[in-house]
Every structure is written in structure tokens, then in C-alpha cells.
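Notes follow once the structure below has been shown.
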Protein chains: 2
Amino acid sequence: MPTQSPRPESNQEQLDEQAWLAAYDPRAFAPVAVTVDVVALTLRQDELHVLLVERAAPPYRGCWALPGGFVRAGQEDLDQAAARELAEETGVDTAALRRVHLEQLGSYGSPQRDPRMHVISVAYLAFAPDLPAPRPGTDAAAAAWVPVSSLDLAVGPHRGGPGGHTHHPVRPGGLAFDHAAILAAALDRARAKIEYTPLATAFLGGEFTISDLRAVYEEIWGEKLHPGNFHRKVLSVPGFVEGTGRTTAHGGSRGGPRARLYHRGDARLLHPALLRPDREEEIR
Amino acid sequence: MPTQSPRPESNQEQLDEQAWLAAYDPRAFAPVAVTVDVVALTLRQDELHVLLVERAAPPYRGCWALPGGFVRAGQEDLDQAAARELAEETGVDTAALRRVHLEQLGSYGSPQRDPRMHVISVAYLAFAPDLPAPRPGTDAAAAAWVPVSSLDLAVGPHRGGPGGHTHHPVRPGGLAFDHAAILAAALDRARAKIEYTPLATAFLGGEFTISDLRAVYEEIWGEKLHPGNFHRKVLSVPGFVEGTGRTTAHGGSRGGPRARLYHRGDARLLHPALLRPDREEEIR
DNA sequence: TCAATAGTGTCTCTAAGACAGTATGTG
DNA sequence: CACATACTGTCTTAGAGACACTATTGA
């Protein structure tokens, strides 16, 4: 591959902008491909799942990987590409996609992360309410919601974080490419994001109980929360949830009174925040 | 997955991975270029400055822009590309670069953000102590630390945030491309990041006083803080700063006792955090 | 009837912020 | 001296968490 990008400096003074644009040949640059990969998270039966596809083509054929694909050059921006990929892999239509929160996570660009060529991937993070089973897209052998707890997230030589690291052959039970590192970063982001934003509600339907919301936090943070304190805290944050006046039709499966129903409020940030209990070990 | 990219699916069954790799032609993809752009922030005379270059070549010739350049395909990852661009534009050597905090900010990929072709830019954010005046790199007419307050950050048709939006011709006093939006996102990130991390110390030299540190917060947040409460709060956060036993040689320019000197501690997160005062307006 | 759950009350402790006060410098 | 600044003490209040308690439902 060329070592340098073409440098027009030698004759730049003689070219005005029009001429320069006309003379420009994008193919002269060393080729780079750009993909978007989506970490779509959802809760199914109170368990955190991630949307994965089984690769039908090499490299990593037969491996599970994050859904994603190449950005259509000149036709779409990154957000659009991510939404398109998510729709294609889940079979979810555009209307249902509006109920999904989609945000950019970070970009991964190690030259060795894809054996074919230098592929730079822009990772996205999606929070979805329980969606129908996915139907595989055109270049996937299968697509499924996979419990996060069943995955091997030890990223090995891929040390997490955007940037890029050394390529490593896939390990049994692991994900293709550096997708384990991307998923790990997505989980970190999700755990942090529900502290300061009402995005935990994006995992729930339109109406939910405080207990439903607590189950989201408990599953994503991986620890039990105090039901009474959680209840009072959620209701004390202005704009987090809003009562509907309705209640559940029945009590819980193991008894208890009917719970009041809420829907998402209009706050975009939680103040005060719902901070995770004690994480002293993460400070250093 | 992509409709435009070459699709091996029709014969994928006959090709083993080796053959497929050999047959692969990256040039068949629609061309996309990837750049890194760096928002390097520093404090000079207690005022926040950003490193900008004056473009010597079209497009946006003569405009100020963020330092950046094309990723060298196959040769470097994104973090390395950002560090290289920063070094090239500032003339800072690798040793001094180690004192600079560099993190990925987000990627910007509107098809119209560069008139030449679809250019996807991975933006980085750098926090630097007061560095020497930059010397312009090879494709910049000039390079300078510019006070952030002197810039027009009304991003107009470029609505901030990663993703990508419509191209708009440059406005007088504005930055090239969508760099105003990138800078605005960088400032938001910086304001948030110094709440939870000790990164404000990255703007200071090895030794500093609590007042120096307070000046960093006041300048980045754009509001005065209570000196006494700030002092006590900083010292109460474990691992934020560490006393050196030394003091300044003289009192302040307008009097007062000599201040004790500190250096950065080993905490990576501040607990408790130094939250910004009252931001109720930002919640919705 | 028992057990589980929804929702509330209360107590303690931490930390934020307002304010005051003392010591130590500079001009 | 006058004044700015470094640093500390104290008071009030908000919020987190532990715990207890009542009411309501299902099995």
C-alpha cells in the first residue's frame, strides 16, 4: 500500500479551488473501508441479550459477530447507516425503529482487525424494548438474541477501548474480529448511561411499573437494589417517570398488590442521578 | 449488509477462506476516505485556547480548521494517527506528547461534509499543558493557539453531535467543514469529563496549587467557584491530588500567603465527583 | 393463612454550599 | 496599613442507604 497520501502542496498555489476539485482523484488514496457495527441490547425475560449474526462468509465464517456492514459511500451518514443495518438484521420496520435508542459508541481502527484490509468500524449502541426474533439478513447464516452472560468477553490480545490493537484469531465461544472488545465497551457505556439519563426506560414498553424499571437496573448493573429506596428515588427525580393513573391488572405472580403504571417523562438527564452503589475498586 | 459492496455470497460455498482472501479486491468498494481531526485544548494565561491551522489548500483554503489528516491505511490505528497529526501540527516531540491526554471524541460522516468526496472523520480530544507556539505542518499556511471565546460556535445548519449533516459554505469567522460542531462537542465533553475524572490536572504542569486547579475548572465551566469550598472538596477526594511538601516561592501578585504545591494523584475517577453547580436548564 | 410485593416513614451519615474567621503574604 | 489570598471551622440542607412498617394481592 502507498505510504503517503498524495500531497497537492507542490502545485497548490497554481490551482484555484474549482480546478483542484476537478483534478482530485480519491482513488489515489490507499484504500480504507468503513463499516458500522451495532451493539443492540434488549431484555428478554429479565435477562440482557445482544443481537448477533452468524457470519455466512469469510473471514470468521461460522462465527458470531455484531450485525453491521459497509457504509454506503456518498449516500448516507453514519447514524443512517447504523439504523439501516439494525433494521436489515432485525427485520424491524422504520416505525418500530423509532422506539429504539441509537447512539454512537466509538470507532475501532486497528489495521489488523480485519484480515482483508484496513477496515475502520464505527460502533453504535442500541437500547431496544423486547423485539421480535430477528430474521437473518442477506449475508448472515443466522441472527439471534443471545444472552450476554453466555458470551466470552475476555478480550485477550484485543485490549478494550477505541483505537485499535493487534489481530488475533478467533477463540472458541468468542466473537469475530474485535467485537468482544466492542461489546465490552458497549456494556460499560450502558452501565454508565443509565446513571445519568432515563435511558433504562428504552428497554421497557410504553407502560411499566417501578419494579420493571428496577429489574432493568439490576440486570445491567448486575446487582440487587433495595426496592424501597429505589422506588422513592425514582419518583423523586423530576421528569424521569410520569404516572398514568392506571395499575397492573393483577398482582405479581407470587402475590402482592397491583403496581402503579408509569411512562417515560420528559427529562433528558436525571437530577439527582441514580448512582451505582460502591465502586471503589474502579477508581484507580 | 451492503448492497453496493462486492458480494461473494453467490460463490462463497466454493471458496475457502484462503482463496477468498486472495481474490478480494478492496478497490471494488465505493471510495471513502478517513481522517482524524484533533481538538487540542490548552490554557494560556488562564484562557482556554484551541489549536487551529489555516488551510493552505482547497477546500476551505484560507479558513481556520482543526488539525488533522488522512489515516495512513494499513500502517496505523486511530489513536496513533491522532497522536501523529497532533505532533506534526504542533512540532511537539514524542516525549512531550506523553504529557498530553488524548481520547477519542466521536466520528462524523455526513456525505456532504467535505466537497471532495465522502470523508469520515474520527475526532479526538486532547488536553495539554501550556505548549510552545505551534509551527505549521506541511499542508497548513499557519498554526496557532486560538482563544475559544473568539470563535463563532453557532454551528448553523451543522447541528452538533456525531452522525453527520448537511454541508454548508463557510461563514466569516467560522471554521472549515463541520469543525465548529466538532469543537462544540469537544467542549461539552471536556466540561463533563473534569467532573468525574482528574483530567483538569492535564492542563497544568507537574506542580500546581489548588488555586491553579480552580482556575482550570472556572475557565472550562465558565463560572466562578467558591474558593474555600473548592479547596476542601479537592482535598477530600482520595487520589485526586497529592501534596509535595513544597509551596510557591512567593505569594500571589496581589498578596496572600504562599500556597502549597500538589501534583496529580493516582485516582482515575473522582469519588465523590466535583459536580457542576446547578444546571437545571440542561435537564430537558 | 402465609408469603411476596408495593409503597411509605424514619433515622443516620455523607457531602455540598453558605458564611465566617484566621494567618500570611504584596503593594 | 490596606487588601487579597490560603486555608479552616461551622451551620444548614439535600440526598443516599439501612431498616421498619402497612396494605394488598396470589397461592
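Naming convention: chains lettered A, B, ... in sequence-line order (proteins, then strands); numbering from 1 in each chain.
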Looking across every strand, which nucleic acid part, if any, lies under 4.0 Å from [X] by heavy atom: base, sugar-phosphate, or nothing?
| X | result |
| --- | --- |
| Arg260(A) | sugar-phosphate |
| Gly228(B) | base |
| Ala249(B) | nothing |
| Ser236(A) | nothing |

Could you tell me whether a side-chain N or O of Thr248(B) sits under 3.5 Å from a main-chain N or O of Ala259(B), the two making a donor and an acceptor?
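Yes, because the side chain of Thr248(B) sits within donor-acceptor range (under 3.5 Å) of the backbone of Ala259(B).
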
Rounded to the Å, how far apart are [X] [atom1] and [N] [atom2]?
| X | N | atom1 | atom2 | value |
| --- | --- | --- | --- | --- |
| Phe208(B) | dA6(D) | CZ | C1' | 16 Å |
| Asn229(B) | dC19(C) | CG | C1' | 9 Å |
| His226(B) | dG21(C) | NE2 | C1' | 12 Å |
| Phe230(B) | dT8(D) | CZ | C1' | 16 Å |
| Glu195(A) | dA16(D) | CD | C1' | 14 Å |
| His250(A) | dT25(D) | NE2 | C1' | 12 Å |
| Asp212(B) | dC7(D) | CG | C1' | 15 Å |
| His231(A) | dA4(C) | NE2 | P | 20 Å |

Thinking salt bridges, do Glu242(A) and Arg264(A) make one under a 4.0 Å N-O criterion?
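Between Arg264(A) and Glu242(A) there is no salt bridge, as every charged N stays at least 4.0 Å from the carboxylate O atoms.
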
Look at the side chain of [X] and decide which nucleotide, out of [options], has an atom nearest to it.
| X | options | answer |
| --- | --- | --- |
| Leu235(B) | dT8(C), dA6(C), dT8(D) | dT8(D) |
| Pro257(B) | dT8(C), dA23(C), dG26(D) | dA23(C) |
| Lys233(B) | dA16(C), dC7(D), dG17(D) | dA16(C) |
| Arg254(B) | dT26(C), dT5(D), dG17(D) | dT5(D) |
| Arg232(A) | dT8(D), dG9(C), dA4(C) | dG9(C) |

Contacts of Thr209(B) and Pro272(A) projected onto DNA chain D by closest heavy atom; the upstream (5') one is Thr209(B)

Please compare Gly256(B) and Tyr262(B) by the position of their nearest nucleotide in DNA chain D and report the one closer to 5'.
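Upstream on the strand: Gly256(B).
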
Evaluate the ring planes of Tyr217(B) and Phe240(B), with Trp represented by its six-membered ring, and classify them as parallel (under 30°), tilted (30 to 60°) or perpendicular (over 60°).
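Geometry flag for Phe240(B) against Tyr217(B): perpendicular rings.
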
Heavy-atom closest contact (Pro136(A) atom, Ala143(A) atom, distance)
CA-CB, 3.8 Å

Closest heavy-atom contact between Phe230(A) and Ile210(A)?
CE2-O, 3.7 Å

Side chain Arg258(A) and base dG26(D) donor-acceptor under 3.5 Å:
no

Does one side chain, of Asp130(B) or Thr42(B), offer a donor that lies under 3.5 Å from an acceptor on the other?
no

Between Ser211(A) and dT5(C), is there a side-chain N or O to OP1/OP2 distance below 4.0 Å?
no

